[in-house]
Amino acid sequence: MTSQTNYSEPQYAKSQDKAKAPFYHPNIERRLVPETQELLEKYSHVPRDQQSEHIHKIRDQAWDIRAYPCIGLGSWLTPQLCRLPVYDDILKRVKDGATLMDVGTFVGHDLRRLVYDGAPSENMFGIDIVNLFDVGYNLFRDREHFRGHFIEADILSTTSPELAPLRGHVDIVVVSQVLHQWDWEGQLKAVQALTTFTKPGSWIVGNQIGNPEAQAVSLMSRSTALWRHNPDSFAKMFEVVGDSTGTRWETQAWLRTFEEMGWDANDGAWMEPNVRVIEFVAKRVS
Ligand SMILES: C[S@@+](CC[C@H](N)C(=O)[O-])C[C@H]1O[C@@H](n2cnc3c(N)ncnc32)[C@H](O)[C@@H]1O
């Protein structure tokens with residue numbers, strides 16, 4: 001099945017033949033790292049000897065909806081949010097009642113991790129332009145008890161009725177592996193959109209593909225370049241957004257290699273040289 005949603009995502013996300021995609025790896029079993037095995041076993045009750053079959057089946061359900069590199073590579077099986085240095089603070093805030101919005105939630109894997117770590121799911125919102133929410137329920141087998149809310153919406157939309165109640169009310173916005181799909185202007189627009197959900201004291205946290213040299217790159221015959229941030233350009237982006245939205249942000253950002261993320265070094269072989277991941281925490285001061 002191919003969804004009919006209009007694309008704001010890159011062209012490569014359109015349905016495509018697995019065999020021809022450089023980022024579809026037939027066997028993603030090595031992505032089943034101990035944290036994920038534990039989550040699947042203890043949260044989802046998928047016995048270890050069935051987990052490999054389970055994740056391959058789920059990966060293909062997701063691939064039939066969108067041909068994202070992260071789906072083909074299975075990188076969503078390597079936890080990211082819980083490895084952020086501020087994860088314990090995020091967890092504490094959500095346990096204390098904070099509202100958390102995961103933008104580009106995909107199958108809602110970061111939300112499930114928070115729940116497994118003791119956070120209540122009631123104040124969690126997973127937003128995605130593509131509805132992979134049933135795939136997520138199939139992956140985690142928690143349709144009956146996960147109380148978080150999934151919303152199919154474009155985060156750039158100013159008219160979505162489902163997003164309206166969240167504006168100005170979100171304490172923590174998680175946005176991982178999403179912003180890098182846009183050029184500099186596109187990322188400014190997207191971060192401006194994210195700020196509309198925040199209030200003083202809110203955080204915007206996550207990661208995206210970055211590079212020690214901030215630059216525009218063109219990949220896979222895209223006509224529009226993607227913007228690669230380094231920590232300086234990332235801070236600059238929040239300064240510009242702050243000026244245009246009347247908000248003020250303190251940002252911290254740092255680069256990690258793919259190996260440091262728990263991925264394979266050559267997962268980025270189809271991208272530009274020196275590619276890295278940039279992780280970030282932006283705190284709204286006013
Ligand atoms: C590469 S995946 C990252 C998934 C997850 N956040 C992670 O880090 O593993 C990007 C996700 O963002 C979603 N997305 C892309 N553009 C979006 C938009 N404009 N609004 C909401 N979600 C979007 C995609 O559908 C996809 O599920």
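Ligands are counted one by one from 1 in listed order, and the atoms in each one are counted from 1 as well. For the numbers below, each heavy atom of this structure counts, side chains included, while hydrogens, waters and symmetry mates do not. Along the sequence shown, residues are numbered consecutively beginning with 1.
With a 4.0 Å heavy-atom cut-off, ligand 1 is reached by the backbone of S176 and by its side chain too.
Near F106, with a cut-off below 4.0 Å to any heavy atom, the atoms of ligand 1 are 4 (C), 27 (O). Residue contact check: Y68 has heavy atoms under 4.0 Å from atoms 24 (C), 25 (O), 26 (C), 27 (O) of ligand 1. For ligand 1, the atoms sitting less than 4.0 Å from at least one non-hydrogen atom of H109 are 5 (C), 7 (C), 9 (O), numbered in the order shown with element in parentheses. Atoms of ligand 1 found under 4.0 Å from any heavy atom of C70, numbered from 1 in the order shown, are 1 (C), 2 (S). Below 4.0 Å from some heavy atom of Q177 lie the following atoms of ligand 1, by number and element: 1 (C), 2 (S), 3 (C), 8 (O), 10 (C). Listed by number with element, the atoms of ligand 1 under 4.0 angstrom from any heavy atom of D154 are 18 (C), 19 (N), 20 (N). Within ligand 1, counting atoms from 1 as listed, the ones closer than 4.0 Å to a heavy atom of V178 are 12 (O). If you number the atoms of ligand 1 from 1 as listed, the ones under 4.0 Å from a heavy atom of Q80 come out as 8 (O), 9 (O).
Ligand 1 is approached by A153 to a heavy-atom distance shorter than 4.0 Å. Between R66 and ligand 1 there is no heavy-atom distance shorter than 4.0 Å.
Figure legend: cation-pi geometry between R112 and Y137, with NZ or CZ positioned under 6.0 Å from the six-membered ring centre and within 45° of its axis. Cation-pi contact between R284 and F238: absent, since separation from the ring centre below 6.0 Å together with deviation from the ring axis within 45° is not met.
In terms of N/O distances under 3.5 Å, ligand 1 is not approached by D110. The shortest N or O to N or O distance between V103 and ligand 1 is not below 3.5 Å. Checked against a 3.5 angstrom limit, the closest N/O atoms of I155 and ligand 1 fall inside it. Considering backbone and side-chain atoms alike, W182 places every N or O at 3.5 Å or more from each N or O of ligand 1. Annotation: W76 places no N or O atom under 3.5 Å from an N or O atom of ligand 1; distance criterion only.
The side chain to side chain contact (heavy atoms under 4.5 Å, CB included) with N211 is formed by just one residue from the set L255, V217, N274; it is N274.
Using modelled atom types, one finds no donor on one side chain facing an acceptor on the other under 3.5 Å when comparing N230 with E213.
Nearest to atom 27 (O) of ligand 1 by heavy atom, out of D128, I65, D102, is D128. If you check each of G104, A193, G206, P79 against atom 12 (O) of ligand 1, the one with the closest non-hydrogen atom is G104.
Electrostatic pairing of E41 and R48 counts as a salt bridge here, judged by a charged N lying under 4.0 Å from a carboxylate O. Taking 4.0 Å as the cut-off between side-chain N and carboxylate O, R113 and D102 do not count as a salt-bridged pair. A salt bridge does not link D117 with K95: none of the charged nitrogens is closer than 4.0 Å to a carboxylate oxygen.
Counting only residues at least two apart or in different chains, salt bridge (charged side-chain N to carboxylate O under 4.0 Å, His left out) contacts with residues 188-203 comprise D171-K199.
Hydrophobic clustering (ILVMFWY, side-chain heavy atoms < 4.5 Å, transitive): V240 and L156 are in one cluster.
Atoms CH2 and CG, from W76 and L139 in turn, are 5.5 Å apart once rounded to the nearest 0.5 Å.
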ask   = For H145 and Y43, what are the C-alpha separation, side-chain angles and deciding distance, and is it a ring pair (Phe, Tyr, Trp, His ring centres under 6.0 Å)?
value = CA-CA 11 Å; H145 55 89; Y43 176 82; 5.8 Å; yes

